[in-house]
2 protein chains.
Amino acid sequence: MVEFKIDSVTRNTLSRQVLEKFIQLLMEGDLQPGDKLPPEMDLMHMFDVSRPVLREALSSLETLEIVKRRPRGGTYINEKIGSSPFRAMLALSINNVPAVIEARMTLELGLVTLAAEKISEDQIARLEETIVAIANTVDDDYGALDREFHRIIAESANNPVVSGMIDSLLITHQKTDSLITFREPDITVRHHSAIVKALKGRDPVEAFKEMYNHLQYVREKILANQKGV
Amino acid sequence: MVEFKIDSVTRNTLSRQVLEKFIQLLMEGDLQPGDKLPPEMDLMHMFDVSRPVLREALSSLETLEIVKRRPRGGTYINEKIGSSPFRAMLALSINNVPAVIEARMTLELGLVTLAAEKISEDQIARLEETIVAIANTVDDDYGALDREFHRIIAESANNPVVSGMIDSLLITHQKTDSLITFREPDITVRHHSAIVKALKGRDPVEAFKEMYNHLQYVREKILANQKGV
DNA sequence: TATTTATAATTGTATGACAAAATGAAATTT
DNA sequence: AAATTTCATTTTGTCATACAATTATAAATA
């Protein structure tokens, strides 16, 4: 006998249907960033659902950072893609250290390539500042500078879709940092300098190579400690 | 006079606070994937909020694919990071074609690098199958095969955090595909073959180079048409 | 033992009411 | 006349309660 027990994938609750409808409207361009939605009272009549159901859907949209609501002010479609949803999603995998590091590698390798195409002189200057600062630290406590370096590169890629994610991953960066027992600032400086040199030359392939080299080193360093746990 | 009108960033509604609390519990490991949450009745007393508020938070968690709910069955913390939230977020940027393409480039460049480290013989074989299939298409309608090629590579990187995203981006891939007016299967086959060759050789840098070369071609092809719009 | 049937627990939905906040207009003061 | 204050109204935020729908579990039956 054949058993059927589907239901899953996404159970069709009313609030889910309303949510899907909103996303569909966005995809088809009927709703545009910046648009103001009708008040909840109107919306619940339009969708023919109760207010709690509608509000569950709106709440989800707000969590996804697709809309922004203000008491009395109304509900608006956001302009840019957000980062915090990704951060929340990441919370699930937070303890899977290798996966998180690899995810970070994936993004950074792609980002540095795009950065090489687009980075500005000002951003390069800021990168160099972090390198100098790391070289001058005395207590080996340059985690924040290190993250800043990577953040500037992500920013240089200047992509609204991906840039949100990197913030979240750098937060986990901070977490994985704590797994590093000893630091080698000279190596970090050497690697970072090589990356900047490639970026200066606007050489995507070279920038990638140096970043890959660097991240391999970082990954091994973190995972080596991780094993012992 | 100094004006203050903060409020934003994230307005602290009750449901938002509950949501944040759940995420915090996840980050700190007090909640683990697979865990079953208490029934809503208990939760509302624990958080001291009304049921609609609690349900708004749970609804958001479900939208983020952090939990899964079943009538009468209860609420469970998911095991893996989901993809559909990202899809929803992408809906916002769907009309920003260059940004979406670049996002796809970012991910794929990183993924192909990791794939070179980890891809299995079986996956390589499947990649080769898609190449043969594309070479044999007569009507130039090989969009699905093309996407399958990229999907297998993403799968080969075998990263639970990133793999979800690529699905969403490949959906937009489908959308951007429609912007291509004419196809050049011979070029696609040549590029794909070069990528597979690098993957076979387990050469991350070479795999990256070939993928970058390929995606540059794809990007130009799409954007060239986009300009005329 | 296996199957079917009830029971009860739990999520899903609806209604109604009120609180809180803030916008915009009206009234007041300077 | 202009600026400020006050107030009414709209809209989101929250609560309480009730009932429907679903299904896991236990009980009853074959």
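By convention in this document, chain letters (A, B, ...) are assigned in the order of the sequence lines, proteins followed by strands, and residues within each chain are numbered from 1. Please read these numbers as outputs of a predicted model, since none were measured by experiment.
- Residues B:I66 and B:N78 form no side-chain contact, since every pair of their non-hydrogen atoms from C-beta on lies 4.5 Å or further apart.
- A donor atom on one side chain and an acceptor atom on the other are not found under 3.5 Å apart for B:T130 and B:Y142.
- Between A:M44 atom CE and C:dA17 atom P the separation is 13 Å, expressed in whole Å.
- What separates CG of A:N12 from C1' of C:dT13 is a distance of 15 Å, to the nearest Å.
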Using nucleotides 7-12 of chain D, report all nitrogen or oxygen pairs with the protein that are shorter than 3.5 Å.
from   : atom 1 : to    : atom 2 : distance (Å)
D:dT10 : O4'    : A:R72 : NH1    : 3.1
D:dT10 : O2     : A:R72 : NH1    : 3.0
D:dT12 : OP2    : A:E40 : N      : 2.9
D:dT12 : O4'    : A:R72 : N      : 3.3

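- Distance, A:L14 CG to C:dT15 P: 12 Å, rounded to whole Å.
- For the helix from C:dT1-D:dA30 to C:dT30-D:dA1, the end axes, each set by the C1' atoms of five terminal pairs, are bent relative to each other by 10° (nearest 10°).
- The pair A:R126-A:E121 does not count as a salt bridge, with every side-chain nitrogen at least 4.0 angstrom from each carboxylate oxygen.
- Nucleotide C:dA22 holds its C1' atom 12 Å from the NZ atom of A:K36, rounded to whole Å.
- No hydrogens or angles considered: a donor-acceptor pair under 3.5 Å links the side chains of A:Q123 and A:S120.
- Rounded to a whole Å, the CD atom of B:E56 is 15 Å from the P atom of D:dA16.
- Under a 4.0 Å N-O distance rule, the pair A:K118/B:E102 qualifies as a salt bridge.
- The aromatic rings of A:H150 and A:H214 lie parallel to each other, with less than 30° between the two planes, well short of the 60° mark.
- Counting heavy atoms from C-beta on, the side chains of B:F86 and B:I81 never come closer than 4.5 Å.
- For the pair B:N159 (side chain) and A:A99 (backbone), a donor-acceptor distance under 3.5 Å is present.
- A straight line from CG of B:D48 to P of D:dC15 spans 8 Å, rounded to a whole angstrom.
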